[in-house]
Number of protein chains: 2
Amino acid sequence: MEKVPMRITYQRKIILEELKNLGNHPTVDEVYMVVKKRLPKISMSTVYRSLEVLSKNGFIKKIEPVDTQKRFDDNTSTHYHFYCKNCEKMKDAPLKPEMVKKLEKEIGAIEKIMEGNGYKVDGYTLEFFGTCKSCEQK
Amino acid sequence: MEKVPMRITYQRKIILEELKNLGNHPTVDEVYMVVKKRLPKISMSTVYRSLEVLSKNGFIKKIEPVDTQKRFDDNTSTHYHFYCKNCEKMKDAPLKPEMVKKLEKEIGAIEKIMEGNGYKVDGYTLEFFGTCKSCEQK
DNA sequence: ACGAAAACAATAATCGTTTTCAATTAAATG
DNA sequence: CATTTAATTGAAAACGATTATTGTTTTCGT
């Protein structure tokens, strides 16, 4: 979470305030809509940039997919993925089948707990990211 | 994985073939580029639609984010999320702190293993999806 | 208070994906 | 095997989310 020079502008104060009011992980659009009530002239790009900066400086946390593009896999069995930020490829997580089995069981138990709490769990995604072996070797 | 009436068209045969050749989880665009060599007139939308249908029928597996939109969280500590497909809200996974701790440890160990395999692991995302409690109660 | 750097609003551009629609084709039916 | 009909196609436009650009305004160290 590398810090970045950040000015405390009026817009950013309000965006942070309203984000906290909203609670539950709002989308940028949701933040925009409530902030606009107090700052009718604010633009979407300001909200985007401000949220980005606030998260880079550790005030808030960004929730975003490891990779936004759709991908398709000819292997239909359960396994986990590793996204390499360098070559931008999605690889199979380099794990032995017994490790995958173990994790699957572990997470399955967690799902049961959530079901017990009144949630209906259809599934989950677990993706790792970083630099893959072949990129790392260079 | 609900089955859907599917015709085995020439395009689909070739898309499936080439997906298998490509191996590593290609994006739609990557599939399009190789398929175009054999079917110069094929359109992007056909590739999108075909991959979708092939995955709906269990021939291949779709890898996609639980939710594509960026979201922001005022809680900066580690915790997992649950995406409700009904109300389209991202909630905190309803798990006790000790459960989160345990999972974190478990997955941390997995990361170590991958690091031992020559990968540099920056992090991971774990997201559950389904129907949340309040939507389920209706 | 002054001036450089950062942030702003507005707008256009981009990216990945989905939709629309008329023409074509697979496969079920007679 | 010819006919029917419903699915599929290609081409193009539309789409939603995000980013880049532009000229103007604001913040904040000096």
Terminal axes of the helix from C:dA1-D:dT30 to C:dG30-D:dC1 (5 end pairs apiece), angle rounded to 10 degrees, sit apart by 40°
What pairs of nitrogen or oxygen atoms, one from the protein and one from nucleotides 16-18 of chain D, lie under 3.5 Å apart?
| from | atom 1 | to | atom 2 | distance (Å) |
| --- | --- | --- | --- | --- |
| D:dA17 | OP1 | B:Q69 | OE1 | 3.3 |
| D:dT18 | OP1 | B:K70 | N | 2.7 |
| D:dT18 | OP2 | A:Y48 | OH | 2.4 |
| D:dT18 | O5' | A:Y48 | OH | 3.1 |

Near-strand residues of residues 11-22 of chain A, defined as heavy-atom separation under 4.0 angstrom from DNA chain C
A:Q11, A:R12
Taking every heavy atom of B:N117 against every heavy atom of A:P94, the minimum-distance pair comes out as ND2-O, 3.0 Å
How would you list all residue pairs meeting side-chain hydrogen bond (donor to acceptor under 3.5 Å, both in side chains) that involve residues 95-105 of chain A, not counting sequence neighbours?
A:K102-B:E106
Nearest whole angstrom, please: distance from the C1' of D:dT8 to the CG of B:L39.
14 Å
Of all the heavy-atom pairs spanning B:K91 and A:N24, show the shortest one and how long it is.
CA-OD1, 3.9 Å
Going by side chain to side chain contact (heavy atoms under 4.5 Å, CB included), name the residues that satisfy it together with B:T9, two or more places apart in sequence or in a different chain.
B:R7, B:Q11, B:R12
Between B:E30 and B:L22, the two heavy atoms sitting closest are O-CD1, 4.0 Å
Give the rounded distance in Å between these two atoms: CD of B:E52 and P of C:dT19.
10 Å
Show the distances under 3.5 angstrom between N or O atoms of the protein and N or O atoms of nucleotides 28-30 of chain C.
none

Please state whether the rings of B:Y119 and A:F82 are parallel, tilted or perpendicular, taking 30° and 60° as the class boundaries.
perpendicular
Report the residues that fulfil side chain to side chain donor-acceptor pair (under 3.5 Å) with B:D74, sequence neighbours left out, ordered by chain and then residue number.
none
Check whether any side-chain heavy atom of A:S55 lies under 4.5 Å from a side-chain heavy atom of B:K70, and answer yes or no.
no
Salt bridge (Lys or Arg N to Asp or Glu O under 4.0 Å): pairs with one or both residues in residues 107-125 of chain B, sequence neighbours excluded
B:K120-B:D122
Atom pair distance, as rounded to whole Å: OH in B:Y32 and P in C:dC15
16 Å
Got A:H79 and A:D73 here, is their nearest side-chain heavy-atom distance under 4.5 Å?
yes
Looking at side-chain heavy atoms only, is the closest gap between A:M114 and B:L95 below 4.5 Å?
yes
Under 3.5 Å, side chain of B:N86 to main-chain N/O of B:C135, donor-acceptor pair present?
no
Please tabulate the protein-to-nucleotide N/O contacts below 3.5 Å involving nucleotides 11-13 of chain D, giving atom names and distances.
| from | atom 1 | to | atom 2 | distance (Å) |
| --- | --- | --- | --- | --- |
| D:dA11 | OP1 | B:K41 | NZ | 3.1 |
| D:dA11 | OP2 | B:K41 | O | 3.3 |
| D:dA11 | N6 | B:S45 | OG | 3.3 |

For residues B:T125 and A:E64, determine if any side-chain heavy atom of one lies less than 4.5 Å from a side-chain heavy atom of the other.
no
Do A:C132 and A:C87 touch side chain to side chain, with heavy atoms closer than 4.5 Å?
yes
Would you give me the side-chain donor-acceptor pairs under 3.5 Å for residues 34-41 of chain A, sequence neighbours excluded?
| from | atom 1 | to | atom 2 | distance (Å) |
| --- | --- | --- | --- | --- |
| A:K36 | NZ | A:Y32 | OH | 3.3 |
| A:R38 | NH1 | A:E17 | OE1 | 3.0 |
| A:R38 | NH1 | A:E18 | OE2 | 2.7 |
| A:R38 | NH2 | A:E17 | OE1 | 3.4 |

Heavy-atom closest pair, residues B:P26 and B:L19:
CG-CD1, 3.3 Å
Between A:T46 and C:dC8, does any side-chain N or O lie under 4.0 Å from OP1 or OP2?
no
Side-chain contact test, heavy atoms from C-beta onward, threshold under 4.5 Å: evaluate it for B:M6 versus B:K56 and give yes or no.
no
Do A:I15 and A:I42 come within less than 4.5 Å of each other through their side chains, counting heavy atoms only?
yes
B:E30 CD to C:dG16 P: how many Å, rounded?
11 Å
Polar pairs (N or O, both sides) under 3.5 Å between protein and nucleotides 1-4 of chain D?
none

A:N75 versus A:S77, closest heavy-atom pair with distance
OD1-OG, 2.7 Å
Any side-chain donor-acceptor pair under 3.5 Å between A:D92 and B:H25?
yes
What pairs of nitrogen or oxygen atoms, one from the protein and one from nucleotides 28-30 of chain D, lie under 3.5 Å apart?
| from | atom 1 | to | atom 2 | distance (Å) |
| --- | --- | --- | --- | --- |
| D:dC28 | OP1 | A:I8 | N | 3.2 |

